[in-house]
Protein chains: 2
Amino acid sequence: METTWAHQLRQAGLRVTRPRLSVLSVLAEHPHADADRIVTGARELHPSLSPQAVYGVLKALVAVGLARRIEPAGAPALFELRVGDNHHHLVCRSCGAVADVDCAVGAAPCLSPSDTAGFVVDEAEVVFWGLCSTCRSEDRQVLATGTPAQAQHHNRGGTRA
Amino acid sequence: METTWAHQLRQAGLRVTRPRLSVLSVLAEHPHADADRIVTGARELHPSLSPQAVYGVLKALVAVGLARRIEPAGAPALFELRVGDNHHHLVCRSCGAVADVDCAVGAAPCLSPSDTAGFVVDEAEVVFWGLCSTCRSEDRQVLATGTPAQAQHHNRGGTRA
DNA sequence: CTGTTTTCTTGACTGAGTCAAGACAAGGCG
DNA sequence: CGCCTTGTCTTGACTCAGTCAAGAAAACAG
């Protein structure tokens with residue numbers, strides 16, 4: 001497995017370094033991690049790793065197509081290793097948890113707008129907003145308990161599938 | 001026209017103030033403006049207007065449903081007055097220009113994911129990424145002239161429909 | 001093993017947006 | 001019409017995510 005990362009890096013023309021392998025391994029474990037979580041996770045494998053190094057690694061991985069960057073509105077960017085299949089995302093309004101959804105309609109751009117207004121479209125990005133099952137039950141509990149405080153972002157950047 | 005804004009504000013339970021009317025009028029002229037452009041534009045009507053006031057006004061307008069906030073990846077948030085019809089957006093990768101697209105499939109959520117992974121979805125947000133006609137011709141020109149520099153973001157936050 | 005080139009570390013910096021305290025204005029009431 | 005309350009705006013400090021740049025370190029070709 002780890003060896004596979006090395007191969008993929010080399011094939012992409014990137015050197016195989018500990019920071020890169022660490023970041024890849026964190027991404028494999030946490031399929032929708034933000035930069036901060038990646039720093040924390042990768043430091044278990046490479047304690048001296050700096051945030052800037054992670055930003056650099058992520059930029060490189062995205063540039064060669066080994067990772068993909070997604071930016072749900074109002075949250076820091078998330079990164080995932082699932083690339084090349086133009087899948088979409090479910091995002092929880094309450095906790096920020098993200099889940100993958102296979103693209104129903106074949107290859108990118110899986111949808112086409114009715115009127116392109118002169119644009120040449122190459123990708124359709126779809127984000128489904130809603131509440132994950134955990135937050136729904138929490139909200140019910142909150143209501144049942146009588147606590148009126150409205151649900152806020154409890155634990156941003158979740159990775160629960 | 002201006003009077004209509006006043007009515008809408010009052011109906012929403014907001015006081016009618018010069019900053020709010022100025023922001024609304026800028027949004028009417030520039031249907032996809034970012035905060036910065038709104039500050040600049042609104043200052044023509046109300047020179048002492050501060051950026052923070054604009055942030056406050058925008059937050060209030062969004063909260064009462066008079067405006068909608070969109071956040072294309074990699075760009076500052078944009079605001080629009082077209083609300084309540086769950087339409088979607090075309091975004092130019094090169095200059096950031098945004099155009100509206102009517103939602104092909106009825107009311108929100110106009111799409112439903114195949115597998116909701118336990119989420120309860122209430123909105124499907126769609127962004128079509130591509131190149132606007134202007135940037136396409138510019139890029140062709142660049143190629144024709146032999147300049148190898150790849151197209152970057154020339155003029156973010158455009159409002160061209 | 002050595003040299004070249006990429007990559008990482010360290011640290012300063014930017015841009016977008018938030019938070020908080022006090023000044024000011026909108027509009028209800030007398 | 002003018003005062004008073006309350007919501008809104010101004011001013012200014014601050015946060016968070018991410019970028020830029022210079023030098024140190026590590027990868028890999030030979």
Side-chain angles (χ1 to χ4, degrees), chain A residues 3 5-24 33-40 42-43 45-64 66-67 69-79 96 152-153 156-157, chain B residues 2-3 5-24 33-40 42-43 45-64 66-67 69-79 96 152-153 155-157:
Chain A
T3 327
W5 299 141
H7 286 152
Q8 295 203 269
L9 285 170
R10 254 187 285 262
Q11 281 196 342
L14 295 177
R15 289 185 178 173
V16 179
T17 67
R18 198 117 82 82
R20 282 173 182 166
L21 293 173
S22 310
V23 167
L24 285 167
D34 61 21
D36 196 58
R37 173 186 290 274
I38 294 170
V39 171
T40 310
R43 274 188 177 150
L45 300 164
H46 187 187
S48 76
L49 190 62
S50 66
Q52 288 72 356
V54 169
Y55 282 118
V57 167
L58 289 171
K59 193 179 274 192
L61 293 178
V62 170
V64 301
L66 285 180
R69 177 188 190 124
I70 60 177
E71 293 183 46
L78 306 177
F79 296 85
Q152 294 289 21
H153 285 243
R156 56 181 262 283
Chain B
E2 301 289 53
T3 327
W5 300 142
H7 285 154
Q8 295 205 266
L9 285 170
R10 255 187 283 263
Q11 282 198 340
L14 296 176
R15 287 186 180 171
V16 179
T17 67
R18 200 116 81 81
R20 284 175 180 162
L21 293 174
S22 311
V23 167
L24 284 167
D34 61 22
D36 197 58
R37 173 185 291 272
I38 294 170
V39 171
T40 310
R43 276 189 175 148
L45 300 164
H46 188 188
S48 74
L49 190 62
S50 66
Q52 287 73 357
V54 170
Y55 283 118
V57 168
L58 289 171
K59 193 179 275 192
L61 293 179
V62 170
V64 301
L66 284 181
R69 177 189 190 122
I70 60 177
E71 294 184 46
L78 305 178
F79 297 84
Q152 295 288 23
H153 284 243
N155 68 58
R156 55 181 261 284

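Note that the structure is a prediction, hence the values are computed from the model and not measured. Sequence lines set the chain letters: A, B, ... in the order given, protein chains first and strands last, and positions in each chain run from 1.
Across all strands, B:R18 comes closer than 4.0 Å to no nucleic acid atom at all (heavy-atom distances). Within 4.0 Å of B:A77, counting heavy atoms only, lie sugar-phosphate atoms of the nucleic acid but no base atom.
Listed nucleotides C:dA16, D:dG18, C:dT9 differ in distance to A:A35; the shortest reach to its side chain belongs to D:dG18. Minimum atom distance to the side chain of A:L14 is reached by C:dT7, of the listed C:dT7, C:dC8, C:dG17. Of the listed nucleotides (C:dG27, C:dT9, D:dT11), D:dT11 has the atom at the smallest distance from the side chain of B:S50. When the nucleotides D:dT10, C:dT9, C:dG17 are ranked by their closest atom to the side chain of A:L49, C:dT9 comes out on top. When distances run from any side-chain atom of B:Y55 to the nucleotides D:dC28, C:dG27, C:dT18, the shortest one goes to C:dT18.
Side-chain atoms of A:L78 and A:E71, non-hydrogen and from C-beta on, never get closer than 4.5 Å to each other. Residues A:L21 and A:R18 form no side-chain contact, since every pair of their non-hydrogen atoms from C-beta on lies 4.5 Å or further apart.
Rounded to an integer number of Å, the gap from CG of B:L61 to P of D:dC9 is 9 Å. Remark: C1' of D:dC16 and CG of A:D34 are 12 Å apart, rounded to the nearest angstrom.
A:R15 contributes a side-chain N or O that forms a donor-acceptor pair with the base of C:dT5 under 3.5 Å.
For A:V62, the side-chain contact (heavy atoms from CB on, under 4.5 Å) partners are A:A67, A:R69, A:F79, not counting sequence neighbours.
Judged by closest nucleotide on DNA chain D, B:T17 is the one of B:Q52 and B:T17 placed further toward the 5' end.
Summarising the geometry of B:P76 relative to B:D34, their closest heavy-atom pair is CG-OD2, 4.0 Å, with the distance given to 0.1 Å.
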